[in-house]
Structure formats: C-alpha cells, structure tokens
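Here the structure is a predicted model, which means the values were calculated and not measured.
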Amino acid sequence: MMSRLNPARWLLNQFCIGMMFLVSGCAWIPAGDKPAEFIEAPSMEHTLSDSVHNELAARIPQWPAERWWLEFGSAELNNLMTIALKNSTGLKVAAARIRQAQALARVEGARLLPFLDAEVELANERISENGVFAVLNRKEAAGANILFGRVNPFNFRYEFDFWGKNRAALEAALGEASAEKAEHAEVWLQLTGAIARSYFRGAALRQQLDLIHDIVELHRELLQLAETRFRLGLDSADPVKQGKVDLELANKREAATRDQLDIQRNLLARLIGNGPDSTQSLFTDRDQGDIPKDLRLPAKLPLELLAHRPDLAAALYRAEAAAQRVKVGKASFLPTIDLTAFAGVNALRLTKGASSLANILFSGSSFSYGIAPGLRLPWFEGGRLRGELSVQRAEYDGAVELYNDTLLHAIQEVADSLSSWKESRSILEAQSRLLSSQRQNEELAADRLRLGLDDRRAMLGRHDVVLDQEYALKTLEADHLIAMVDLIEALGGGYSNDLKIVQQLIKHKPEHPEGFDLYKWLIF
C-alpha cells in the first residue's frame, strides 16, 4: 500500500492521524464567558471646541516636552527637579521593578532555547557483609566496593513549542516589563508635578509674606494715628480698639502664612529626597517664574492620550500580558513534546582490591550516548488546568476593565484641568483689573492728601486695600500655575509611546489567540 503512495504524503497522513489521537486524548478546554472588550476613546469635540483652540496658541509646540518645567523659567525649580530625579526613592523603587520584570522576561525567554549542561558523578559504596547482596553472592559481593563513574560533558534538553505556550509566556513577561517602564514614567510624572505645585505654592507664600510685613506695618501706623487722635481728644477710644484688633489679625495672618511656607519647604525636601535643612534657603527669588499663556492641544486628543499617558500605557500593557497568559492557560491542555540527549562515558566496577575505575572510565569502550523523545498528555489534572484558565480569563477581564476605567479617568482629568486652567486665567485677569482699579483709588487718595482734602488715614486705608488685593493676586497666580501643571500632567507630561503599537494592542483578540488554528483543524 505504501509503495502506491508518495512516501512524503504517507508520512504526513500518518503524522496527522497520530496527532489527532494524541490531541483528542488531552484535557478538554472549557469555553469561557464573553471576554471584556476595550472601549473606544470617547469624543471631546464639544470640550475642545474651536473657540478653545483659538485661545490656545503655540507656546508649547504640540505636546508638553519631557522637561516641561523649563517652560516656567525658574532656576530654583529646575535645580529642585534635577536633585529629585537623582535622589527620589520612589523612582529608585520603580527602576528596581523594571529590572526585576526584565529579568523575569529573560527567564521566560530561556524556555524557547535548548538547555545544555555537563554532569560528573563519582561514587564509592561498600557492600555490607550482612546485607542482601552478600547473602545472595557472599563470595563476590560481601565486603566489596561498588565503584561508579559518569562523565557527561553534553546533556541536552529541549521542549518543542508547537502550541506557542512558551512564546506566549515570554510575551506576557515582556508586557509586564513594558508596563513597569510605563509605571516608572507615571511615578516620574507624579513626582515632577508634585514638586512644581509645591514650589509654586511656596513661592506665592514667600511673596505674600513680604506683603503681610507691609500690612502689619501699615496697621501699626494706623493704630498709632488712632492713639494720637484719642490723646488729643479728636476721636473716641473705638478706633483705638479696632486698630488693635486689625493689628492682631494681621499678626495672626503673618504667622499662618509663615507656617504654610515652612510646610511647603519641608514637603519639597521630602520630594527631592533630602532633609528639611536643604530647602530652608528656598524662594530667595522674588519672581515665581514665567506663566506660559499658550498651550496648543492636538486635534485628536483622546486618541493621542493612548500614547502619551503613562498610566494608560501601563494598563494597556498589563491587559496584553493577561491576554498572553490566557493563551498559556489554553496551551497547557495540549501535549508537551520534548527531546533529551546525552553523550559521555560511564563505568561501574565491583572490586575488593585497589580501584581500577579510572583505567576503564575513559576508555573507548565506556563511551555512551542516548536520545529520548518525550510526550506528556494532560488527561486528568483534577480540575487544576480549568481552574488556572478561569483565573487567567478573569485576570484578563479585570485588566481590560481597569484600562477602560483609566481611559475614562484620563479623559475626565484632561477636561477638568483644561477647564480649571481657562477659568483660573480668567479669574487672574479679573483680579489684575481689580488691583489696577484699587491702585487708581490709592493714587486718588494720595492726591486728596496733598490737597488737604483728606487725612493720612484715608490714604492708608486705600493702601491696605491695595496690599490685600496684591495678596490675593499672588494666590491666584499660584493657582493658575498649578492649573497649568495639572493640565501638563493630564496630557502625560512628555511621556511618549508608539501610537501604532498601542492601536495594535487594542485590536488584540485574546479568546482566539494566534497559534491555535492547527489545534482546531485537527479536532474538526
């Protein structure tokens, strides 16, 4: 019969028939529920209307630069960032997790390669004169030594990855390593954002502290004028009492501002990885830095976020890793085929005299070798394989839903921070106009004082209002800078990933992984 068929075709048929029997004898792969699906990035057309884009020009070209804080032009802030990126314990922990994930990927990758090692074994065992061997053969075995030697310089082991199980395990490990890199970028982004926010708050508090010094001196002068008028009988004691209250309120305000300034200094010291003494000389510059007034957003912002948000990238890579582990779980139901081989020398000697093992161990007659194909079929595992596959499917569903939640949260953060940045700018502009009006009133009071139409109290009162509005202006300037930092952080802060790869990952179908078509063909 074989002579009438093409030998190659006959061998292929026999192989297919054999594989059908083998696979049909494996554990049955249970069908899972419908897997979770990635949601599409929601539209932001209304949020990013044409009017918004007209207001956001091109100071920062298209996306925040990696060193985005340089846009603020503060030498102190730049120095804090440099120290923090070098000393931060959070970044060091994240970097250690990256190294760990990369090492695990190397471990999984090694399963795709053959294993080669060497083996040397020497044994010398004396047979008891009262043991079972001595009883059976007292003349030859009683009291004799068993000398055994084996030297195999070549031991070979290799598992054939027909079903892609080891490849999927490697892909899962690489996905986890990529996720850890994205997590490192997220820690980096959160750290730099926290430093910038704390610095701007501290700089505003330092400027406000200078203003409060002036406010305290002004109220002290008002109190002296009230006391003088009271002594001269020109006024009652009520202005004196009110002056004392106002002075103590200003002193209280000064103490609270100084306390808040110390808190920001101590927070910055912790963020940069140093002790509190390292930041006590901060905020010597009276200028907070430049306020970038323009930021142009990409036209397809939700889609761009997939490549520029490290938390989104991490969630996506973890979902991909979970998908690969589903593939590993399915492949565990299929046969495992491997090959082992060895080559070397071995010898055994039974003697009561001097050893002669070395003379025969390395002789040509002691040469040995072996080749052993192996096949393991998971017929019955007590439900272990099904349980592990259920765990991996549930892990994948959780990872996908976590990604979906992270995406929605990212969109919300962008919308909130964009709105906050716009409104803080409007409030800051209104406060600047209010301050300008109050300064005009102060100039008018000074003119009336020079003309003798008002006394000094009126001018000091107007100046107090101006100082109070300047104090409020510093808070609003810090709020606007912080809103700018929030927006930059919501946009990913300079993180960049390959958008094409991200889109390919989203299209992944984990319940129908590549590499199982052969299995389906054999079964059906």
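Nearest heavy atoms, Glu489 versus Gly193: OE1-CA, 3.8 Å. For the pair Ala84 and Ile195, the tightest heavy-atom approach, listed with the atom from each and the gap, is CB-CD1, 3.2 Å. Summarising the geometry of Leu487 relative to Val414, their closest heavy-atom pair is CD1-O, 4.3 Å, with the distance given to 0.1 Å. Nearest approach of Val328 to Lys165, heavy atoms of both residues: CG2-O, 3.5 Å. Closest heavy-atom contact between Leu170 and Ala105: CD1-O, 3.4 Å. Shown here for Phe342 and Ser368, the closest heavy-atom pair between the two residues is CE1-OG, 3.8 Å.
In this structure, the side chains of Gln102 and Leu104 stay at 4.5 Å or more apart for every pair of heavy atoms. For the pair Ile272/Ser278, a side-chain contact is recorded, criterion being any heavy-atom separation below 4.5 Å from C-beta on. Residues Phe72 and Met484 have side chains in contact (heavy-atom distance under 4.5 Å, counting atoms from C-beta outward). His308 has its side chain out of reach of Leu491: every pair of non-hydrogen atoms, C-beta onward, lies at least 4.5 Å apart. The shortest distance between side-chain heavy atoms of Pro378 and Leu385 falls below 4.5 Å. The shortest side-chain heavy-atom distance between Val485 and Trp68 falls under the 4.5 Å cut-off. With contacts defined as side-chain heavy-atom distances shorter than 4.5 Å, the pair Leu282/Leu80 qualifies. Side-chain contact between Trp421 and His480: present, with at least one pair of heavy atoms (C-beta onward) separated by less than 4.5 Å.
Partners of Arg270 according to the side-chain hydrogen bond (donor to acceptor under 3.5 Å, both in side chains) rule, which considers only residues two or more places apart in sequence or in another chain, do not exist here. The side-chain hydrogen bond (donor to acceptor under 3.5 Å, both in side chains) check on Asp117 picks up Asn155, Arg157, with sequence neighbours excluded.
Annotation: the span from Leu418 atom CG to Glu423 atom CD amounts to 10.0 Å, rounded to 0.5 Å. Note that CH2 of Trp188 is 8.0 Å distant from CE of Met81, once rounded to the nearest 0.5 Å. Note: Leu189 CG to Glu66 CD = 11.0 Å, rounded to the nearest 0.5 Å. In this structure, Leu348 CG and Arg150 CZ are separated by 11.0 Å, a value rounded to the nearest 0.5 Å. Taken to the nearest 0.5 Å, the CD atom of Gln264 stands 10.5 Å off from the OG1 atom of Thr279. We find the CH2-OG1 distance between Trp69 and Thr192 to be 5.5 Å, quoted to the nearest 0.5 Å.
Between the side chain of Asn87 and the backbone N or O of Asn274 there is no donor-acceptor pair closer than 3.5 Å. At distances below 3.5 Å, at least one donor-acceptor pair connects side-chain atoms of Ser178 with backbone N or O atoms of Leu174. In this structure a side-chain-to-backbone donor-acceptor pair under 3.5 Å is missing from Asn152 to Ala118. Counting only distance, with no hydrogens or angles, the side chain of Trp163 and the backbone of Thr336 share no donor-acceptor pair below 3.5 Å. Under a 3.5 Å cut-off, the side chain of Ser420 and the backbone N or O of Asp416 do not form any donor-acceptor pair. With hydrogens and angles ignored, the 3.5 Å screen pairs no side-chain donor or acceptor of Asn79 with any backbone N or O of Ala75. Using modelled atom types, no side-chain atom of Ser88 and backbone atom of Leu85 make a donor-acceptor pair closer than 3.5 Å. Side chain of Asp486 to main chain of Ser417: no donor-acceptor pair is present (N/O by atom type, distance under 3.5 Å, no hydrogens or angles). Looking only at distances, a side-chain donor or acceptor of Asn404 sits under 3.5 Å from a matching main-chain atom of Glu37.
Salt bridge status for Arg111 with Glu159: absent, with no side-chain N to carboxylate O gap under 4.0 Å. Under a 4.0 Å N-O distance rule, the pair Glu395/Arg325 qualifies as a salt bridge. Look at Arg309 and Glu413 and you find a salt bridge, because one of the NZ, NE, NH1 or NH2 atoms lies within 4.0 Å of a carboxylate O, short of that distance.
Dense packing is recorded around CG of Leu113, with more than 12 heavy atoms of other residues, nucleotides or ligands lying under 6.0 Å away. Surrounding CZ of Arg265 are more than 12 heavy atoms belonging to other residues, nucleotides or ligands, all under 6.0 Å away. Other residues, nucleotides and ligands place no more than 12 heavy atoms under 6.0 Å from the NZ atom of Lys181.
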>> Between Thr340 and Phe156, is the side-chain contact (heavy atoms from CB on, under 4.5 Å) condition met? List the steps.
In response: CA-CA 5 Å; Thr340 59; Phe156 174 88; over 6 Å; no
> What do the steps show when you test Arg318 against Leu402 for side-chain contact (heavy atoms from CB on, under 4.5 Å), and what is the final call?
Replying inline: CA-CA 10 Å; Arg318 294 199 188 283; Leu402 178 60; 5.9 Å; no
> When you look at Asp338 and Tyr158, which way does the side-chain contact (heavy atoms from CB on, under 4.5 Å) test go after all the steps?
Replying inline: CA-CA 6 Å; Asp338 55 24; Tyr158 180 69; over 6 Å; no
>> Gln392 vs Glu388, test: side chain to side chain donor-acceptor pair (under 3.5 Å). Steps then yes/no.
In response: CA-CA 6 Å; Gln392 290 153 352; Glu388 290 178 349; 5.2 Å; no
> Run the side-chain contact (heavy atoms from CB on, under 4.5 Å) check on Glu180 and Tyr317 step by step: do they pass?
Replying inline: CA-CA 9 Å; Glu180 290 297 342; Tyr317 280 122; over 6 Å; no
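Screening Leu408, Asp311, Leu312 against Tyr403 for a side-chain contact (heavy atoms from CB on, under 4.5 Å) leaves a single residue, Leu312.
A side-chain donor from one of Glu76 and Tyr199 sits under 3.5 Å from a side-chain acceptor of the other.
Here the two rings, on Tyr369 and Phe154, have centers that are 6.0 Å apart or farther.
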